[in-house]
Amino acid sequence: MLRSLKRLVSHPLKLDHGCALHTAAKHCFSPMVSQDVQTPAETPRAVFYTSEKDPAKHTEQHEGQHYHIPLEEVKAVFPHGLPRRFQQQIKTFNEACLMVRKPALELFSYLRGTNFAHPAVRYVIYGEKGTGKTMTLCHVVHYCSRQGWLVLHIPDAHLWVKNCKELLPSSYNRERLDQPLQASFWLRNFKASNEHFLQEIKTQRRYVWGKRESTEEGRPLGEVVEQGLARVRVASDAVGVVLKELKQQSDLGSFRLLVAVDGVNALWGRTTLKKEDKSPVSPEELTLVYNLRKLMVNNWKGGAIVTTLSQTGSLFKPSSAYLPQELLGKEGFDALDPFVPIPVPNYSPKEFESCYRYYLDRKWLQHEKAHTEAGKEELRFLSGCNPRQLERLVAPL
Amino acid sequence: MAPVSRALRAAAGSWAVLSWCCGTAMGGPRFGAAAYSSVPAVSSRESQTKEVSTRRRGRIPQLVKSHVPPRTEKMAVDQDWSSVYPTAAAFKPASVPLPIRMGYPVKRGVPPPKEGNLELIKIPNFLHLTPPAIKKHCAALKDFCTEWPSALDSDEKCEKHFPIEIETVDYISSGTSIRNPKARVVTLRKTEMWESEKSEEDMEEYIWENSRSQNNALDTLLQIKASENDSNVTKEDLLASEVVKNYRSSVIALKNEGETEKNMSQYKESVKKLLNIQALP
């Protein structure tokens, strides 16, 4: 049941029927309230919104402000990278707005000053649950793709170590196990985001996939990806080939490589997968994880490695763990050492204000009390300035 | 007459003891009662046993002796203490001329004094082992001892030739276990052959030398130097450099003390300096 939207608002709100989040909003939908809000919302838009669409030009004066990413770019740059609730928010608001925050700006300054002749530097974004680590990573990915880097984005490494229905023994190495479904899913998204690079980069040796299939030397890397997508059985090996080629070729300097991994602590943790004889699988026995680990070592140059630690989705880790050593464990820490840790805190008062104004502007806060100062303070107290908590709290309002 | 008087005295005595025990809290008015209650006790002989149990009030003044001053008041300051306490003995407040207090102070109070203090009597004391007493013991034992070997003149030599030391403890203590917890601690100064197989997981604290962290750092630095065509740098130079020392201390702090804000920021700064990361705004 859709109310008529015509008399209200310059920004059309598209309510998604399928989304359970928004059914509550419909009940509180009252035309009078939004008319009151219309006038004050228009003037201070500059407080929370900046029209600067290029992340490269974001500076400290844009801190706390949201910037708009056109939807086509979202599909091209982040086919699989954004958190699920943010994707739902994009569908609702019909626009993608990301907040510019200090950790991202700090990373930009480091990336701008990277010396590409030196080995790749590893950055680890860490913080408590729901403070915006994945969003920071997405901001960095957007920046690098705008700058023309080749972005190797693994949206959630935890997906590779759990819930795998099919585990095939690897044809390349008897001890390892393949995951065809995860590998082909990732290859599809990788192809969507880096089409033009795949045509330019050529393979440096011959790869034999089976009795009758092989990829010759000098063919574009896109063919390897096609092979992986067409023959799902060899998808994991295709991924391995892609990672190896990219690592070798970024040394030559024809392109800059950004390796962005979300939930990197999955690579050194435990898995919930079991082999046929019910014995547990350790991460290095999985082809995908094994190849990705090789990419995490800093013996290549011409790029950077930006990773996030994530407790959500991690296995066998307590929910209060967020520090690097707790989540990575001894093995992971030693593998990533020396890295630059980048903490992501909760919202500062300015950022909270900005987020609140944004929700007001998008007409997301429909409750009458939510527009008052007291309501704002209550939201601040209840969410503790934690971005995820705030988002969950305002959803039914 | 005699058995009656004996019984009487016994009854009176026991009555007196009972009343003395239970009557300490009772004050003045009871003495009047005591005066009264003593008369029926003497007069009625048949019901003495019953009266003993019912009458528990007041004190009998005739059991209190005249107060004798304690021995401490007659002690000279330079007396021979080892004759006061020649052997291990319980704490006698009248023999120890020290104003010791021990115990829990009830509200707005002080710890109770030493007179009649069970806490002081319960604990073991070493009043019989003062330094002059020990000197006397040594002098007495000297005749039975041989000379200290002159070659063992330093602690290191003792440890080298006699690596195992056994400590014996023989005083009584009470606890939940009959074993002395210190008996579990063994310190061996001689290194056994199998100790060289100690691996990184067995280490009690983190040692940076020869650790993965050191290897990683050195590899990275060597790669950096190679890219700058500076191949004259050796590992020792790198290890002695300021940035590596800084990095080393921050990693050790992180591993040994755990992760705190301060440790993490220190680690971050040291890594930035190590890898020469510039921040271009």
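In what follows, chains carry the letters A, B, and so on, assigned in the order in which the sequence lines appear, proteins first and then strands, with residues in each chain numbered from 1.
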Spacing of [X] atom [atom1] and [Y] atom [atom2] [to the nearest 0.5 Å]:
| X | Y | atom1 | atom2 | value |
| --- | --- | --- | --- | --- |
| A/Leu323 | B/Glu261 | CG | CD | 8.0 Å |
| B/Asn263 | A/Gln325 | CG | CD | 9.5 Å |
| B/Lys255 | A/Lys330 | NZ | NZ | 5.5 Å |
| B/Met264 | A/Tyr126 | CE | OH | 4.0 Å |
| A/Asn299 | B/Asp219 | CG | CG | 9.0 Å |

Would you mind checking which part of [X] comes under 4.5 Å of any heavy atom in chain A, side chain (CB onward), backbone (N, CA, C, O), both or neither?
| X | result |
| --- | --- |
| B/Leu274 | side chain |
| B/Glu269 | neither |
| B/Ile224 | both |

Please classify the contact of [X] with chain B as side chain, backbone, both or neither, using a heavy-atom distance under 4.5 Å.
| X | result |
| --- | --- |
| A/Glu106 | side chain |
| A/Tyr123 | side chain |
| A/Asn115 | neither |
| A/Phe339 | both |
| A/Pro343 | side chain |

Out of B/Lys225, B/Arg212, B/Glu259, B/Lys268, return the one with the most heavy atom pairs under 4.5 angstrom to chain A.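 Heavy-atom pairs under 4.5 Å are most numerous for B/Glu259.
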
Greater than 12 external heavy atoms within 6.0 Å of [X]'s [atom1]:
| X | atom1 | value |
| --- | --- | --- |
| B/Lys135 | NZ | no |
| B/Lys272 | NZ | yes |
| B/Glu209 | CD | yes |
| A/Arg380 | CZ | yes |
| B/Asp155 | CG | no |
| B/Glu115 | CD | yes |
| A/Phe316 | CZ | yes |

Is a side-chain donor or acceptor of B/Asn216 paired with a backbone partner of A/Asp334 at a separation under 3.5 angstrom? yes

Using a cut-off of under 4.5 Å for heavy-atom pairs, which of A/Val340, A/Thr114, A/Ile342, A/Leu107 has the most such pairs with chain B?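 Among A/Val340, A/Thr114, A/Ile342, A/Leu107, the one with the most close pairs to chain B is A/Val340.
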
